[in-house]
Amino acid sequence: MYQIVPVAPGEQQTAGGSPMKKKLSHEGRPMVLAGLLGCVLVLAAVVSWCYYSASLRKAQLLKAELLDLNKDGFIIHNMTGAVVFSMTFRSGTLDLDSCSKEGNILSCTQSDSGKLNFFIQTVRPKDTVICYRVRWEELQSKRSVEHAMAYNDSHWYGGAETATQYWPIRIQGEKEPEPFITSDVYSNRDAFGGILERYWLSSNATAIKINDSVPFHLGWSEKDRTLRFQARYQDSPFKPAEGHQALPELSYRVCVGLDVTSIHKYMVRRYFPKPSKVPSPEVFKQPLWSTWALHKTAVTQDKLLQYASDITEHGFTCSHLELDDRYTSDYGEFDFDPQKFPNASGMFDKLREDGFQVSLWTHPFINYDSINFGVAVEKGLFVREPSGELPALVRWWNGIGGILDFTNPEAREWYSSQLHMIKTRYGVTSFKFDAGESSYLPRQFSTMVPLSDPSTFTRRYTEMVIPFSERAELRVGYQSQDISCFFRIIDRDSVWGYELGLKSIIPTVLTISILGYQFVLPDMIGGNAYPNRTTGTSDGKNVLPDRELYIRWLELSAFMPAMQFSIPPWAYDNEVVQIAQKFTELHKTLVAPRVLELAGEVLDTGDPIIRPLWWIAINDEAAYKIDSQFLIGDDLMVAPVLEPGKQERDIYLPAGRWRSYKGEHFDKCPMYLTDYPVDLDEIAFFTWVH
């Protein structure tokens, strides 16, 4: 602590170093002045000390365990003192004089725009984890609340399925915050996908989860290297809960751990629901065969029977056949078109006799020209216009119609009974539940149970799967990790790249796995063969994905939890058929047993089946950035070829001892294997040697 020592009056030093003689006649006035000056200096010292002490107290007040708060935001340190998390308050600043601290809660009551309820509560759920509950609730202003999370030179994962998927997340451009709700990213490629959660994870061993009650919008800034978290009701599909004012609230929790893997395990166990059972083991073991990419809507009874016959003739097994769009006369009906399927009962008998089970495509729409449209209007089963009097019409990829209101128990019962009826009548094994994204709701709508968050509609739709979950398939998920079915990533184009192409599969599967969805169906081998979105050949009628692309896609799919064919291997040549037979057998004997073992663990832990390399290499900077390799469990690493014209690739081996599929041993890891040879009929994989 510094000390102020005033110089005695008249003690000016001469050049020789001796004090000057004082004149008695002037003694009085200087002594008074000196006294006053001394008092002023002492007073200044006292004020400075009080101000300094108050500043110290305020500084201590604005600290929580490892967290420092200021008027513009807060930072969090890890156990070693390094800054691992930074949040900036973009929509307002705190009035620090309104802040107080009581126990583990630091709270403030004023911002630069008026009254608010702000607090940060520190929680230590275990010795290795510290969490902060943060809440900024406006009490006067109806404007938005926005906080910006800095990247802090770390890598981030999670959020949502997207059309162009990267691992880790790449911030590209400037995006104003948009509603974070489930959307069809095949038709709107800039939107957030059909599987999403308000959860992000950082290589700095931090995780953030936005609360369910928040009217949540997400944006980002490449320039500032931030994710922008915003709460608002204005110009938004989010609505305040009934009886509440439209005052926005942004609340979330940030947790810090020792490493990225352990903090993720904590978050999943604490905040994500878990499935109650493992879906059908047969779907994990045997490939699923869909009519969609091969026949599209031109599928008929004869084509389905021929497809089944070809599967058997070429020596392949089948968990089940999936009869996709379109087998009904109109969309929204639940029986077979007699023109296309003149003897549906006989067809099912024949397929059963040949050892095939069949699932059917379904969706939440009833088109206006369907006989069921009038039924649904009369019964009040549709999502309605805001007035609640008329059904709301929506446009989807197969026309215009109504969308069933799954908040309405009567609509749920009606839809479920239709599915049960066709299942019982024909012996259908299950259903492929298509659509379900909240983006298919009208811009303005009303439901029987009001939806504060539009994505709750997605959750209600996923619940319709429960009676059929053994072999059922969904393409949407929001707070739906406890639905024990297969979650399919959105349709892929038959291309190589990151935009819904082959390279997007690993980043997408890793992302939805981090979000808690582990029973993954990685869409059809070779993609959907859509015209104008396919690298390959066309004869004017049919589009065939590029042969090399198809083979590399097949090899990657063999190491995913489940395999799905549509374009058949025999559409190419005998060599492709042999490669497909080899990899379906490898999936059954090597991959499926390991996947099923891990699937059983998911029920308790929620841990991914398909894991990133950093799962076992927590301090390895290289492992955080690799998006073309993955782990099955902790001990089987896969490195597919994802580039055209390549029969080699660079492979990263994390620390440990690894044995390649060729029998080679690598003991001095971590290491890069550059230009490692991988023939067209191979995929590189390595097992960890204990």
Side-chain angles (χ1 to χ4, degrees), residues 178-184 187-188 191-192 194 196 212-213 215-217 232-246 328 330-334 362-419 421 431 433-466 474-480:
E178 293 184 359
F180 193 68
I181 57 175
T182 56
S183 303
D184 178 352
S187 60
N188 181 3
F192 305 113
L196 57 71
D212 298 344
S213 58
F216 182 52
H217 298 66
R232 76 167 192 263
Y233 289 113
Q234 294 179 345
D235 302 318
S236 169
F238 290 93
K239 306 298 176 193
E242 281 194 290
H244 289 71
Q245 286 185 282
T328 60
D330 293 302
Y331 292 108
E333 294 172 14
F334 297 86
T362 186
H363 54 83
F365 307 103
I366 301 177
N367 279 10
Y368 69 89
D369 54 357
S370 163
I371 56 172
N372 281 329
F373 187 83
V375 174
V377 170
E378 186 179 337
K379 291 179 177 289
L381 306 182
F382 286 134
V383 172
R384 294 171 170 262
E385 298 279 5
S387 67
E389 295 178 8
L390 297 172
L393 291 181
V394 299
R395 183 182 296 278
W396 63 297
W397 67 90
N398 278 326
I400 296 173
I403 185 168
L404 291 168
D405 178 3
F406 293 106
T407 74
N408 179 350
E410 193 175 346
R412 293 164 71 93
E413 174 57 34
W414 182 86
Y415 182 61
S416 186
S417 68
Q418 300 300 310
L419 297 178
M421 182 181 67
F431 297 92
F433 290 80
D434 214 352
E437 294 90 351
S438 59
S439 58
Y440 284 110
L441 293 169
R443 282 184 180 274
Q444 300 291 328
F445 66 90
S446 65
T447 47
M448 177 167 281
V449 178
L451 297 178
S452 298
D453 178 353
S455 294
T456 305
F457 180 85
T458 295
R459 166 67 200 187
R460 296 291 167 261
Y461 180 59
T462 65
E463 291 166 357
M464 302 309 300
V465 170
I466 293 172
L474 278 164
R475 79 174 199 188
V476 292
Y478 177 66
Q479 301 176 358
S480 307

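Note: hydrogens, waters and symmetry copies are ignored here, and every other heavy atom, side chains too, is used. Only a predicted model underlies this, so the values are computations on that prediction, with no experimental measurement involved.
- In this pair, Phe373 and Phe382 present their aromatic rings tilted. The plane angle is within the 30 to 60° band.
- With rounding to the nearest 0.5 Å, the separation of OG in Ser370 from CD in Glu333 is 4.0 Å.
- Atom CG of Asp453 and atom NZ of Lys239 lie 12.0 Å apart (nearest 0.5 Å).
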Criterion side-chain contact (heavy atoms from CB on, under 4.5 Å) on Phe406 and Glu463, from CA distance to verdict:
CA-CA 9 Å; Phe406 293 106; Glu463 291 166 357; over 6 Å; no

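- When all heavy atoms are compared, the tightest approach of Pro442 to Ala392 is CG-CB, 3.4 Å.
- The environment of Phe334 atom CZ is dense: over 12 non-hydrogen atoms of other residues, nucleotides or ligands sit within 6.0 angstrom.
- A salt bridge is absent between Arg460 and Asp405: the closest approach of a Lys/Arg side-chain nitrogen to an acidic carboxylate oxygen does not fall below 4.0 angstrom.
- Note that CD of Glu242 and NE2 of His244 are 10.5 Å apart. Values are rounded to the nearest 0.5 Å.
- If you take CD on Glu437 and OG on Ser187, they are separated by 7.5 Å, rounding to the nearest 0.5 Å.
- Between Phe216 and Phe180, the gap from one ring centroid to the other is short of 6.0 Å.
- Side-chain contact between Arg459 and Ser480 is present, with heavy atoms from C-beta onward closer than 4.5 Å.
- Looking only at side-chain heavy atoms (C-beta outward), Asn367 and Asp330 stay at 4.5 Å or farther from each other.
- Residues Val476 and Thr462 come closest through the heavy atom pair O-CG2, 3.6 Å.
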Start with the C-alpha distance between Asn398 and His363, add both sets of side-chain angles, then the distance that settles side-chain contact (heavy atoms from CB on, under 4.5 Å), and finish with yes or no.
CA-CA 11 Å; Asn398 278 326; His363 54 83; over 6 Å; no

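- Annotation: the span from Ser439 atom OG to Leu441 atom CG amounts to 8.0 Å, rounded to 0.5 Å.
- Heavy-atom minimum distance, Tyr461 versus Gly436: CD2-CA, 3.4 Å.
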Please test Asn372 against Gln418 for side chain to side chain donor-acceptor pair (under 3.5 Å), starting from the C-alpha separation and ending with a verdict.
CA-CA 11 Å; Asn372 281 329; Gln418 300 300 310; 4.9 Å; no

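- Closest heavy-atom contact between Ile181 and Ser455: CA-OG, 3.2 Å.
- When all heavy atoms of Tyr440 and Arg475 are compared, the pair lying nearest together is CE1-NH2, 4.1 Å.
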Check against side-chain contact (heavy atoms from CB on, under 4.5 Å), Leu451 and Phe445
CA-CA 10 Å; Leu451 297 178; Phe445 66 90; 4.0 Å; yes

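- Side chains of Ser416 and Met464 form a contact here, defined as non-hydrogen atoms less than 4.5 Å apart.
- In summary, the side chains of Ser438 and Thr182 do present a donor paired with an acceptor at a separation below 3.5 Å, with no hydrogens or angles considered.
- At a threshold of 4.5 Å between non-hydrogen side-chain atoms, the residues His217 and Ser236 count as touching.
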Would Trp396 and Asp434 satisfy side-chain contact (heavy atoms from CB on, under 4.5 Å), going step by step from the backbone distance to the final call?
CA-CA 12 Å; Trp396 63 297; Asp434 214 352; over 6 Å; no

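- Distance OG1/Thr447 to CZ/Arg384: 11.0 Å, rounded to 0.5 Å.
- Ring-centre distance between Tyr478 and Phe457: not below the 6.0 Å cut-off.
- Smallest separation of non-hydrogen atoms from Pro454 and Ser452: CD-O, 3.9 Å.
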